[in-house]
Amino acid sequence: MSLEQQITTLAKAAVKDLYNIDASDAQIQLQKTRPEFEGNITMVVFPFVKMARKAPAQIATEIGEWMLNNQMANGQIVNKFNAVQGFLNLTISDAFWVEQLQDIDADDFYGRFKCPNGKCETDQMLMMVEYSSPNTNKPLHLGHVRNNLLGYSIAKIQEANGWKVIKTNIVNDRGIHICKSMLAWLKYGNGETPESSGKKGDHLIGDYYVRFDKEYKAQIAEMMAAGKDEETAKREAPLMLEAQEMLRKWEAGDPEVRALWQKMNGWVYAGFDETYKRMGVSFDKIYYESNTYLEGKSEVEKGLASGQFYRREDGSVWADLTKDGLDEKLLLRSDGTSVYMTQDIGTAKLRFRDYPIDKMVYVVGNEQEYHFKVLSILLDRLGFPFGKELVHFSYGMVELPNGKMKSREGTVVDADDLMDKMIADAKEISKDKVNTLQGITEQEADEIARKVGLGALKYFILKVDPRKNMLFNPAESIDFNGNTGPFIQYTYARIQSVLRKADKNLALNGVEQLPLDPKERALIQRLLEYPATVRAAGDDFSPALICNYAYALACDFNSFYHDLSILNEPDARKKALRLLLAKTVAKVLNRAMELLGIEMPERM
RNA sequence: GGUCCGGUAGCUCAGCUGGAUAGAGCAACAGCCUUCUAAGCUGUGGGUCUCGGGUUCGAAUCCCGACCGGAUCACCA
């Protein structure tokens with residue numbers, strides 16, 4: 001039983017006995033005691049003021065005294081108390097803290113849960129998490145980086161919360177945008193390949209996507225100069241017509257178009273694989289739009305037949321969502337080709353056919369909230385029971401100082417470039433560390449720089465509330481000091497350094513009798529908060545909570561480390577206890593960072 | 001215009017299921033390495049929590065209304 005649970009039980013018994021109040025767990029408000037007061041944990045007694053009809057300070061005192069006199073059978077937990085107005089500050093006995101520390105050390109599953117929300121089904125509950133979902137017409141940028149890191153981290157966090165998680169990716173490998181790069185490559189590429197150009201495949205294709213946009217805009221300008229209005233020019237520009245023609249050919253299975261598509265997508269995948277691998281993200285199952293859109297089409301046809309959808313005169317198919325307070329939504333174009341929504345319907349169907357999914361989570365930007373609202377309704381109408389239940393994990397955009405990133409306009413922060421930069425910066429900083437990094441090979445130094453550089457990047461992104469938009473200023477480099485990934489990694493590396501030098505066989509006999517230093521106590525109390533943090537991060541889908549926790553734990557440790565010596569402590573039992581404390585902090589830090597996909601270096 | 005999200009220190013962000021004097025980091029300034037890794041520690045300065053009402057023992061937090069910023073409402077994805 002956790003400390004909070006034990007205090008809650010005690011407090012409930014106290015108010016029952018003293019005032020005959022049957023309090024619920026929620027009415028027992030506990031919080032950490034503020035540092036300016038004596039004590040470790042504080043009970044807020046205001047909720048009982050009315051019913052007890054006494055002054056807050058008196059109630060607090062009475063409950064405190066009751067607790068001292070009536071502790072549970074399993075030993076003395078509350079040692080002392082003081083009452084300040086309606087706040088009952090409880091001091092917990094040192095023996096209790098030490099026992100708790102030993103329990104954490106012995107628990108291989110500390111901070112992991114067997115089942116979600118305490119509800120265990122016969123089979124493990126299965127959550128599918130979709131993230132990344134790239135288009136194969138351009139390389140990954142900073143927006144994708146946020147998506148990938150969030151998706152991966154959320155999968156890890158949910159696993160720790162007891163879910164079986166399938167990480168999945170839907171690759172948008174077909175459609176008009178793909179045809180645009182293909183067309184531009186055919187027209188202007190002169191047969192350029194990744195090999196001939198030395199470019200990464202995804203970057204090569206991205207260049208042609210940008211090229212298409214440039215030429216297309218030139219055509220529009222030309223047509224407008226010749227007297228056409230903008231709408232007409234956009235619609236009738238030869239390049240756009242050609243791209244649309246190519247899409248029709250693709251859907252018709254034209255061998256030449258398909259062969260080109262295969263070849264160019266192959267280049268992109270090779271590029272993506274490299275980026276994913278470096279970023280440290282992975283997938284258990286990948287779906288391709290080219291394999292799912294037909295399924296979606298046939299579902300739309302079924303919906304048409306059953307009267308859920310309707311066809312307009314021009315042949316296009318629509319869903320009327322006005323009853324749900326939304327608009328009418330296009331599902332098939334007048335030329336019969338499918339849209340984004342169509343493929344998502346097909347993908348959902350296939351996924352639920354492939355896996356016994358209990359919860360489907362889409363990690364997709366908040367700009368697509370409308371899309372997922374509609375998808376949920378459409379799936380429901382088509383008779384899929386999971387339609388209503390799907391979760392759109394809607395995260396905020398990454399913005400640059402002058403606004404949103406736009407691939408077509410080239411105002412993006414490229415994922416590969418950014419990782420290069422971070423690792424190079426980490427390498428540069430480590431050059432000053434001649435003392436701690438002496439004697440290591442160049443290869444080891446590179447590996448440390450990789451972990452630290454990526455750690456800085458990942459933490460930078462994951463520490464902000466995922467629902468909020470965040471700002472990235474390319475002109476300012478990402479920090480390696482302060483509330484950062486490297487700070488956590490550094491704390492861990494420090495501990496490892498101490499542990500390497502320590503005698504491994506120090507006895508812990510009788511450590512329960514040791515009086516603790518306040519810094520030691522604070523550290524143990526912090527360690528005890530970890531499981532609840534994992535729960536909260538799972539409930540809220542928020543890796544940021546893990547970041548905040550890891551930062552607080554590292555701060556507590558560094559303060560402890562600064563004030564108290566571990567290896568030079570003369571008292572053998574104290575030394576053993578501090579080593580245990582350090583070891584446990586390292587274990588929990590490492591475990592927390594695993595949930596973020598951040599690797600820990602043994603030295604740095 | 002409808003819907004949704006946000007507004008906290010110069011900057012980037014915590015805190016938001018209501019609790020004690022609103023916190024970090026960066027930037028600025030001042031200290032701490034012959035002793036376990038100074039990517040660290042300690043301190044100083046910096047705030048009308050956008051504004052106005054309301055709810056109550058108590059509001060940055062909940063409710064209502066303004067103002068400002070963003071997203072979205074495509075035969076784009």
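Within every chain, numbering begins at 1; the chains are lettered A, B, ... in the order of the sequence lines, protein sequences first and strands thereafter.
Closest approach to the A/Met470 side chain among B/A39, B/U21, B/C13 is made by B/C13 (side chain taken as heavy atoms from C-beta onward). Side-chain atoms of A/His177 lie closest to B/A77 of the nucleotides B/G70, B/G19, B/A77. Counting only heavy atoms from C-beta on, A/Ala493 has its side chain closest to B/U37 among B/C36, B/A14, B/U37. Listed candidates were B/A39, B/U37, B/A20. Nearest to the side chain of A/Asn89 is B/A20. Here B/A39 is the nucleotide among B/A77, B/A20, B/A39 with the atom lying nearest to any side-chain atom of A/Phe480. Relative to the side chain of A/Asn558, the nucleotides B/U21, B/G40, B/A77 differ in distance, and B/G40 lies closest. In the set B/A20, B/G7, B/C4, B/C4 carries the atom at the smallest distance from any side-chain atom of A/Glu369. The side chain of A/Leu471 has B/U12 as its nearest neighbour among B/U12, B/G19, B/C41. When distances run from any side-chain atom of A/Thr33 to the nucleotides B/A20, B/U37, B/C73, the shortest one goes to B/A20. If you check B/U37, B/G19, B/C36 against the side chain of A/Ser497, the one that comes closest is B/U37.
In the model, A/Ser132 has a side-chain atom that pairs as donor or acceptor with a side-chain atom of A/Asn148 under 3.5 Å. Side-chain contact, A/His392 with A/Asn366: no donor N or O sits under 3.5 Å from an acceptor N or O. A donor and an acceptor atom, one from each side chain of A/Asp479 and A/Thr484, are nowhere located under 3.5 Å apart.
Residue contacts shown for A/Asn548 are limited to sugar-phosphate atoms, with no base heavy atom under 4.0 Å away. Contact annotation for A/Val452: base contact, defined as any heavy-atom pair under 4.0 Å involving a base atom. At the heavy-atom level, A/Gln489 lies nowhere under 4.0 Å from the strands shown. Within the 4.0 angstrom heavy-atom criterion, no nucleotide atom of any strand lies near A/Ile495. Residue contacts shown for A/Gln368 include a base, since a base heavy atom lies under 4.0 Å away. As judged by a 4.0 angstrom heavy-atom cut-off over every strand, A/Tyr370 is placed among residues touching the sugar-phosphate backbone only. When heavy atoms are screened at a 4.0 angstrom cut-off, A/Ile429 is found touching base atoms of the nucleic acid. A/Lys501 comes within contact range of the sugar-phosphate backbone alone, with a heavy-atom separation under 4.0 Å but no base atom that close. If you check every strand for non-hydrogen atoms under 4.0 Å, A/Lys463 touches nothing. Note on A/Gln244: nothing from the nucleic acid sits closer than 4.0 angstrom, heavy atoms only. Nucleic acid contact class of A/Tyr551 (heavy atoms, under 4.0 Å, all strands): sugar-phosphate only. Looking at heavy-atom distances under 4.0 Å, A/Ile176 makes contact with sugar-phosphate atoms alone, never a base. At the heavy-atom level, A/Phe487 lies under 4.0 Å from the strands shown only through sugar-phosphate atoms. A/Gln29 comes within contact range of at least one nucleobase, with a heavy-atom separation under 4.0 Å.
Spacing between atom CG of A/Leu321 and atom C1' of B/A74 amounts to 14 Å, rounded to whole angstrom units. Going from atom CG of A/Asp556 over to atom P of B/C41 covers 11 Å, rounded to whole Å. Between the CD atom of A/Glu328 and the P atom of B/A74 there is a distance of 11 Å, given to the nearest Å. Straight-line distance from the CZ atom of A/Phe46 to the P atom of B/G58: 11 Å, rounded to whole Å. Taking atom NZ of A/Lys427 as the reference point, atom P of B/A39 lies 17 Å away to the nearest angstrom. One atom, CD of A/Glu130, and another, C1' of B/A77, lie 13 Å apart when rounded to the nearest Å. A/Lys217 places its NZ atom 13 Å from the C1' atom of B/C76, with the value rounded to the nearest Å. When rounded to the nearest whole Å, the span between CG of A/Asn473 and P of B/A27 equals 15 Å.
A perpendicular orientation is assigned to the rings of A/Trp250 and A/Trp261, their planes being inclined by more than 60° (bins at 30° and 60°). Ring geometry, A/Phe372 versus A/Tyr362: the interplanar angle falls from 30° to 60°, so the pair is classed tilted.
Nucleotides B/C49 and B/U37 place their P atoms 45 Å apart, quoted to the nearest Å. Taking atom C1' in both B/A20 and B/G10, one finds a spacing of 30 Å when rounded to whole Å. Rounded to whole Å, the separation between the C1' atoms of B/G6 and B/U44 comes to 33 Å. Here, B/C67 and B/A14 have their P atoms 27 Å apart, quoted to the whole Å. Across the P atoms, B/G65 and B/G58 are found 24 Å apart, a figure rounded to whole Å. Distance noted for atom P between B/A59 and B/U50: 16 Å (whole Å). B/G52 and B/C13 have their C1' atoms separated by 27 Å, given to the nearest Å. Nucleotides B/G40 and B/A22 have their C1' atoms positioned 27 Å apart, rounded to a whole Å.
Of the inter-residue distances, the one linking A/Tyr459 atom OH with A/Ile488 atom CD1 reads 4.5 Å to the nearest 0.5 angstrom. Interatomic distance, A/Arg603 CZ to A/Gln438 CD, rounded to the nearest 0.5 Å: 9.0 Å. With values rounded to the nearest 0.5 angstrom, A/Arg146 atom CZ is found 10.0 Å from A/Phe460 atom CZ.
Between A/Lys468 and B/G7 there is a side-chain polar atom (N or O) within less than 4.0 angstrom of OP1 or OP2. Close to B/A74, at under 4.0 Å from its OP1 or OP2, lies no side-chain N or O of A/Arg235.
Look at A/Tyr490 and the base of B/G40; the rings do not stack under the cut-offs of 5.5 Å between centres and 30° between planes.
Across all strands shown, B/G65 pairs with B/C51; the Watson-Crick or G-U wobble distances both stay below 3.5 Å. Base-pair partner of B/U35: not found among the strands shown (Watson-Crick or G-U wobble, both distances under 3.5 Å). Of the nucleotides present, B/G43 is the one that pairs with B/C29 by Watson-Crick or G-U wobble criteria, both distances under 3.5 Å. In this structure B/U3 sits in a base pair with B/A71, meeting the Watson-Crick or G-U test at under 3.5 Å.
Between A/Arg467 and A/Cys555, the residue anchored closer to the 5' end of RNA chain B is A/Arg467, taking for each the nucleotide with the nearest heavy atom. Taking for each of A/Ala544 and A/Arg603 the nucleotide of RNA chain B with the nearest heavy atom, the 5'-most of the two is the partner of A/Ala544.
Judged by the 6.0 Å and 45° rule, A/Arg312 forms a cation-pi pair with A/Trp318.
In this model, a side-chain donor or acceptor of A/Thr42 finds a partner on the base of B/A20 within 3.5 Å.
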Evaluate A/Asp571 against A/Lys575 for salt bridge (charged side-chain N to carboxylate O under 4.0 Å, His left out), listing each step before the verdict.
CA-CA 6 Å; A/Asp571 184 321; A/Lys575 185 173 174 180; over 6 Å; no
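Taking the syn range as angles within 90° of 0, the glycosidic angle of B/C33 is syn.
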